[in-house]
Amino acid sequence: MAAAAPIFRSSFLSSQPLSPTPSTAPRPTSYSPLSMRATATSPDPPAAAAAKTRRPSNENIRDEARRHTSSHNFSAKYVPFNADPSSTESYTLDEIVYRSRSGGLLDVQHDMDALKKFDGEYWRSLFDSRVGKTTWPYGSGVWSKKEWVLPEIDGDDIVSAFEGNSNLFWAERFGKQFLGMKDLWVKHCGISHTGSFKDLGMTVLVSQVNRLRKMNRPVVGVGCASTGDTSAALSAYCASAGIPSIVFLPANRISMAQLVQPIANGAFVLSIDTDFDGCMQLIREVTAELPIYLANSLNSLRLEGQKTAAIEILQQFDWQVPDWVIVPGGNLGNIYAFYKGFQMCKELGLVDKIPRLVCAQAANANPLYLHYKSGWKDFKAVKAGTTFASAIQIGDPVSIDRAVYALKKSNGIVEEATEEELMDSMAQADSTGMFICPHTGVALTALFKLRNSGIIGPNDRTVVVSTAHGLKFTQSKVDYHSKEIKDMACRFANPPTQVKADFGSVMDVLKKYLLSKDSKLH
Ligand SMILES: Cc1ncc(COP(=O)(O)O)c(C=O)c1O
Ligand SMILES: N[C@@H](CCOP(=O)(O)O)C(=O)O
């Protein structure tokens with residue numbers, strides 16, 4: 001049992017790093033989740049007065065946070081991913097290491113015993129108390145879970161745009177009209193600082209780089225290979241901290257909106273005549289030779305930030321667990337990040353189960369799907385073909401082992417979407433008021449398929465993760481609505497009507513339109 005009352009003395013204190021009372025301490029008799037919330041929002045009179053006092057005008061929010069830091073015993077380190085329990089191999093997070101001694105992936109392992117000294121109610125209440133504030137750094141959806149992300153980093157080193165806390169949208173009309181579902185939700189991770197979920201991981205990675213540079217570690221710049229979103233996030237966070245960023249982009253394979261982001265943010269942009277997998281191979285070779293820190297999700301730090309989207313979903317449902325979460329997959333870090341976030345919440349007692357995960361791939365770039373269909377037999381990379389879901393045009397995903405692990409542990413499923421299916425799904429979603437990216441169209445296609453086969457039931461609470469903002473992919477929507485895509489019917493296209501500039505012509509087309517919409521006018 002945790003003693004939570006001291007944390008809620010004032011609204012400011014409720015957001016502070018913990019010097020927590022261990023769970024063996026007696027709990028006040030009046031303790032209950034509701035009374036805790038009441039305490040947090042309606043502090044006693046002196047505390048309420050303190051909460052209203054504005055920080056001195058010569059102080060910024062970092063200075064203010066510095067005055068309030070306190071110590072705790074939480075820590076994290078790198079270990080080989082899915083290592084044998086007898087393994088003793090580990091690295092501090094201040095080491096520059098991306099692979100285990102055997103060449104395998106790494107994972108950030110938290111001191112779960114230290115975190116378990118506090119019960120689920122304690123963590124739920126702490127995280128809830130931080131939402132919607134501007135307290136540094138907890139105003140970020142990522143850093144509001146700092147103890148579970150990078151517990152040891154100093155608030156001064158954090159580079160944040162107050163990312164996260166994205167909308168969990170009730171897709172009422174889409175669910176009802178197209179799927180017969182009433183509990184369908186879209187987690188809009190793309191409505192974010194640089195327009196994709198990558199911000200969640202990049203704030204963590206760039207903050208750690210900031211710390212390493214202050215420690216005089218050999219990091220001259222930060223680099224990534226990208227299909228457009230990682231590079232946008234990397235360049236924005238680096239620009240914010242004044243750190244050089246270098247991005248390797250596959251020439252002519254990313255959208256104009258994505259390309260202009262690192263250019264505008266001052267990154268060193270290399271447009272390379274290869275695909276993403278080729279760029280990934282090159283950046284791995286280059287970061288092994290030069291003092292450039294690797295920012296792709298091969299670097300397990302990124303996933304610590306991305307996992308907070310899963311925690312946020314639970315939080316937004318008031319800690320009730322959805323039945324399904326559907327995530328589009330490319331390099332396959334994110335599906336594992338979701339699993340890890342859900343699993344930590346279960347292990348630390350915030351919830352009692354995890355949702356079933358679905359990973360959705362474009363049929364033109366589907367190595368995970370093929371692996372799943374083969375019964376997880378030998379994995380084979382593929383040559384990824386062109387897809388409108390260009391950010392997941394990846395044939396040799398670096399996190400394949402992480403994804404397989406996450407799917408096996410969550411009784412997960414892998415689905416795929418053809419180009420026509422993903423574009424139709426995107427158009428249908430947009431027709432109900434969303435404006436999603438093609439990757440989210442891939443995830444929605446998976447949902448259509450699993451609903452049609454009855455695997456997902458009409459009353460199942462289902463979350464589709466939307467990974468990027470639709471505004472980054474307007475050309476695909478223009479092509480679709482102009483019906484300019486070869487061999488695609490574009491069934492839900494809504495092209496503009498050309499009309500002469502005279503009253504009669506405008507009236508004619510409007511009457512025809514209104515009649516088609518309302519049978520009472522016939
Ligand atoms: C918009 C978008 N959606 C989905 C993904 C897939 O994420 P992951 O590579 O973690 O599987 C990516 C990047 O790969 C992306 O940029
Ligand atoms: N979609 C990604 C591909 C690289 O993924 P990462 O998570 O390993 O950085 C991108 O936008 O570049």
Side-chain angles (χ1 to χ4, degrees), residues 98 105 187-192 194-202 204-205 222-236 247-250 253-255 257-259 261-262 267 275-277 279-281 283-284 294-303 305-307 309 326-340 357-362 365-369 384 387-400 402-404 406-407 414 417 422 426 436-444 446 464-473 476:
Y98 315 118
L105 294 163
K187 176 67 172 164
H188 275 301
C189 292
I191 302 181
S192 169
T194 69
S196 87
F197 73 97
K198 305 286 179 176
D199 294 340
L200 304 175
M202 212 50 85
V204 176
L205 184 132
V222 191
C224 73
S226 184
T227 53
D229 292 322
T230 297
S231 44
L234 176 65
S235 48
V247 305
F248 287 14
L249 302 178
R253 286 177 169 88
I254 71 171
S255 78
Q258 288 174 310
L259 174 61
Q261 289 184 285
D275 57 10
F276 170 81
D277 297 300
C279 289
M280 190 70 223
Q281 181 58 34
I283 194 78
R284 280 166 73 163
L294 179 67
N296 284 101
S297 59
L298 176 66
N299 188 326
S300 46
L301 275 181
R302 280 260 315 278
L303 306 182
Q306 289 173 211
K307 80 181 180 199
I326 307 179
V327 186
N331 222 11
L332 300 181
N334 212 26
I335 185 77
Y336 176 68
F338 270 90
Y339 166 75
K340 190 170 182 184
L357 296 181
V358 178
C359 190
Q361 292 211 295
N366 62 354
L368 180 73
Y369 177 77
T387 168
F388 281 104
S390 53
I392 53 174
Q393 190 180 329
I394 297 173
D396 192 7
V398 298
S399 285
I400 181 69
R402 292 176 175 139
V404 173
L407 289 159
V414 187
L422 73 91
M426 179 172 79
I436 59 164
C437 69
H439 322 84
T440 309
V442 172
L444 288 174
V464 171
V465 176
S466 178
T467 44
H469 202 297
L471 285 171
K472 284 190 172 198
F473 299 92
S476 64

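Whatever order the structure lists ligands and atoms in, that order sets their numbers, starting from 1.
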Please state which option from Ser226, Gly329, Ala389 has its nearest heavy atom closest to atom 12 (O) of ligand 2. Ser226

Ligand 1 to Pro328, heavy atom cutoff 4.0 Å, flagged ligand atoms 4 (C), 6 (C)

Least distance between heavy atoms, Cys224 atom then Ile283 atom: N-CD1, 3.8 Å

Please identify which atoms of ligand 2 are closer than 4.0 Å to at least one heavy atom of Asn331. 4 (C), 5 (O), 6 (P), 8 (O)

Non-hydrogen atom of Ser297 closer than 4.0 Å to ligand 1: no

For Ala468, the ligand 1 atoms with a heavy-atom partner under 4.0 Å come out as 1 (C)

Tell me whether ligand 1 is touched by Ser196 - counting only heavy atoms on the residue side and a distance under 4.0 Å. no

Under 4.0 Å, heavy-atom basis, I'd like to know which part of Asp229 is in contact with ligand 1: side chain, backbone, both or neither. side chain

Can you check which of Phe338, Phe473, Phe197 brings a heavy atom nearest to atom 12 (C) of ligand 1? Phe197

Enumerated ligand 1 atoms positioned under 4.0 Å from heavy atoms of Thr467: 1 (C), 2 (C), 3 (N), 4 (C)

What protein heavy atom sits nearest atom 5 (C) of ligand 1, and how far away is it? Ile392 CG2, 3.3 Å

Minimum heavy-atom distance Arg253-Ser390, with the two atoms named: O-CB, 3.7 Å

With a 4.5 Å cut-off on side-chain heavy atoms, are Gln258 and Ser226 touching? no

With a cut-off of 4.0 Å, which atoms of ligand 2 are near a heavy atom of Asp229? 10 (C), 11 (O)

Ala391 near ligand 2 by a heavy-atom separation under 4.0 Å: yes

Keeping Lys472 on the side-chain end and Thr194 on the backbone end, is there a donor-acceptor pair under 3.5 Å? yes

Taking every non-hydrogen atom, the tightest pair across Cys359 and Leu332: SG-CD2, 4.0 Å

Any side-chain heavy-atom pair from Asp396 and Pro367 closer than 4.5 angstrom? no

N/O of Gly333 under 3.5 Å from N/O of ligand 1, yes or no? yes

Could you tell me whether the side chain of Leu303 reaches within less than 4.5 Å of the side chain of Arg402, counting heavy atoms only? yes

So, is Asn331 polar-close to ligand 1, with some N/O to N/O distance under 3.5 Å? yes

Using modelled atom types and a 3.5 Å cut-off, is there a donor and acceptor pairing between side-chain atoms of Asn296 and backbone atoms of Leu298? no

Gln258 near ligand 2, heavy-atom distance under 4.0 Å? no

Is the closest heavy-atom distance from Lys198 to ligand 1 below 4.0 Å? yes

Check: of Leu298, Thr230, Ile392, Asn334, min heavy-atom distance to atom 9 (O) of ligand 2 comes from Thr230

Could you check whether any side-chain heavy atom of Phe473 comes within less than 4.5 Å of a side-chain heavy atom of Pro438, counting everything from C-beta outward? yes

Tell me, do Leu368 and Ile335 make a side-chain contact under 4.5 Å, heavy atoms counted? no

Does Val442 reach the side chain of Thr387, with side-chain heavy atoms less than 4.5 Å apart? no

Heavy-atom side-chain proximity of Phe276 to Asn331 below 4.5 angstrom: yes

Considering only protein heavy atoms, which is closest to atom 10 (O) of ligand 1, and at what distance to one decimal place? Asn334 N, 2.8 Å

If you have a sec, work out which protein heavy atom is nearest atom 5 (O) of ligand 2 and how many Å separate them, to one decimal? Lys198 NZ, 3.3 Å

Does any N or O in the side chain of Gln361 come within less than 3.5 Å of the main-chain N or O of Tyr369, such that one atom is a donor and the other an acceptor? yes

For the side chain of Asp229 and the backbone of Lys198, is there at least one donor-acceptor N/O pair under 3.5 Å apart? no

Give me the residue, atom name and distance of the protein heavy atom closest to atom 3 (C) of ligand 2. Thr227 OG1, 3.4 Å

For atom 6 (P) of ligand 2, what's the nearest protein heavy-atom neighbour? Residue, atom name and distance, please. Ser297 OG, 3.4 Å

Sub-4.0 Å heavy-atom approach of Met280 to ligand 2: no

Hey, which atoms in ligand 2 end up nearer than 4.0 Å to a heavy atom of Arg302? 6 (P), 7 (O), 9 (O)

Hey, does Ser231 come in under 3.5 Å of ligand 2, counting only N/O atoms on both sides? no

Counting N and O atoms only, with roles assigned by atom type, does the side chain of Tyr336 sit under 3.5 Å from a partner on the main chain of Ser399, one being a donor and the other an acceptor? no

Whether Ser235 side chain and Ala232 backbone form a donor-acceptor pair below 3.5 Å: yes

Closer than 4.0 angstrom: is that true for some heavy atom of Gly228 and an atom of ligand 2? yes

Residue selection (non-hydrogen contact nearest atom 8 (P) of ligand 1) among Ile394, Val327, Leu332: Leu332

Which atoms from ligand 1 have a heavy atom of His439 less than 4.0 Å away? 1 (C), 3 (N)

